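Notes for the one structure printed next.
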Amino acid sequence: QVHLVESGGGLVQPGGSLRLSCAASAYRSSFDVMAWFRQTPGNEREWVASVSRGGRATVDNSVKDRFTAAHGDRKNSVYLQMNRLKPEDTAMYYCAANSRFFTKEIDSESSYDFWGQGTQVTVST
């Protein structure tokens, strides 16, 4: 079974930076899309960014001036570079991947069939 594992979360002060990484635990063909979602207690997961098979990255407008997503050096891996972090960025961040041939809606969690366990990001003074 394919597993996604996130890392890089932690506690950081406002204005700081964190780099989240995600990698698949098993060999397989390339995912159509890999993505980042985040979730706070009591709320649904919200899409943050995605990277297509060809390396094209799309970032939500609310954070695109501060966040960058891209494929990692290893096959089926992605990272999320988060700069100038704000307290509002505090959340559990999840990595997701779609193993199917086509992703209809990159910002919908229903489009992804693999999920990581999440890594906590806390932005606080």
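This is a predicted model, so every value here is computed, not measured.
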Heavy atoms, side chains only, cut-off 4.5 Å: are [X] and [Y] in contact?
X    : Y    : answer
Y79  : C22  : no
V121 : L20  : yes
S111 : E105 : yes
N76  : S30  : yes
S77  : S21  : no
R84  : S17  : no
K86  : R66  : yes

- For V48 and V63, what are the C-alpha separation, side-chain angles and deciding distance, and is it a side-chain contact (heavy atoms from CB on, under 4.5 Å)? CA-CA 8 Å; V48 178; V63 296; 4.1 Å; yes
Tell me if the [atom1] atom of [X] is crowded by more than 12 foreign heavy atoms within 6.0 Å.
X   : atom1 : value
R56 : CZ    : no
D65 : CG    : yes
E46 : CD    : yes

Nearest 0.5 Å, what's the [atom1]-[atom2] distance between [X] and [Y]?
X   : Y   : atom1 : atom2 : result
L80 : S50 : CG    : OG    : 11.0 Å
W36 : M82 : CH2   : CE    : 8.0 Å
Q39 : Y93 : CD    : OH    : 12.0 Å
D73 : H71 : CG    : NE2   : 12.0 Å
L4  : S25 : CG    : OG    : 7.5 Å

If you compare all heavy atoms of [X] against all heavy atoms of [Y], which two are closest, and at what distance to 0.1 Å?
X   : Y    : value
Y94 : G116 : CD2-O, 3.5 Å
A91 : Q120 : O-NE2, 3.3 Å
A97 : M34  : CB-CG, 4.1 Å
C95 : V78  : SG-CG2, 4.1 Å
G9  : T119 : N-OG1, 3.1 Å
L18 : L85  : N-CD1, 3.8 Å

Applying side-chain contact (heavy atoms from CB on, under 4.5 Å) to F31 and N98, what does each step give before you reach the verdict? CA-CA 6 Å; F31 294 113; N98 178 27; 5.9 Å; no
Those residues at least two apart in sequence (or on a different chain) that pass ring-ring contact (aromatic ring centres under 6.0 Å, His included) with Y112 are F37
Contacts satisfying side chain to side chain donor-acceptor pair (under 3.5 Å) that involve residues 5-15 (not counting sequence neighbours) are none
Exercise for the section: Is it possible for you to check whether R38 lies under 6.0 Å from the centre of the six-membered ring of W47, through NZ or CZ, and within 45° of that ring's axis? Expected result: no
Checklist entry - Does D113 come within less than 4.0 Å of R100, counting only side-chain N to carboxylate O? => result yes
Do V12 and M92 land in one hydrophobic cluster if side-chain heavy atoms of ILVMFWY residues count as linked below 4.5 Å? no
Practice task
For the residue pair T103 and D32, confirm or rule out a side-chain donor-acceptor distance under 3.5 Å.
Solution key: yes
- Query: What do the steps show when you test I106 against T58 for side-chain contact (heavy atoms from CB on, under 4.5 Å), and what is the final call?
  - Reply: CA-CA 9 Å; I106 61 172; T58 306; 4.0 Å; yes
The side-chain contact (heavy atoms from CB on, under 4.5 Å) partners of S124 (sequence neighbours excluded) come to L11, T122
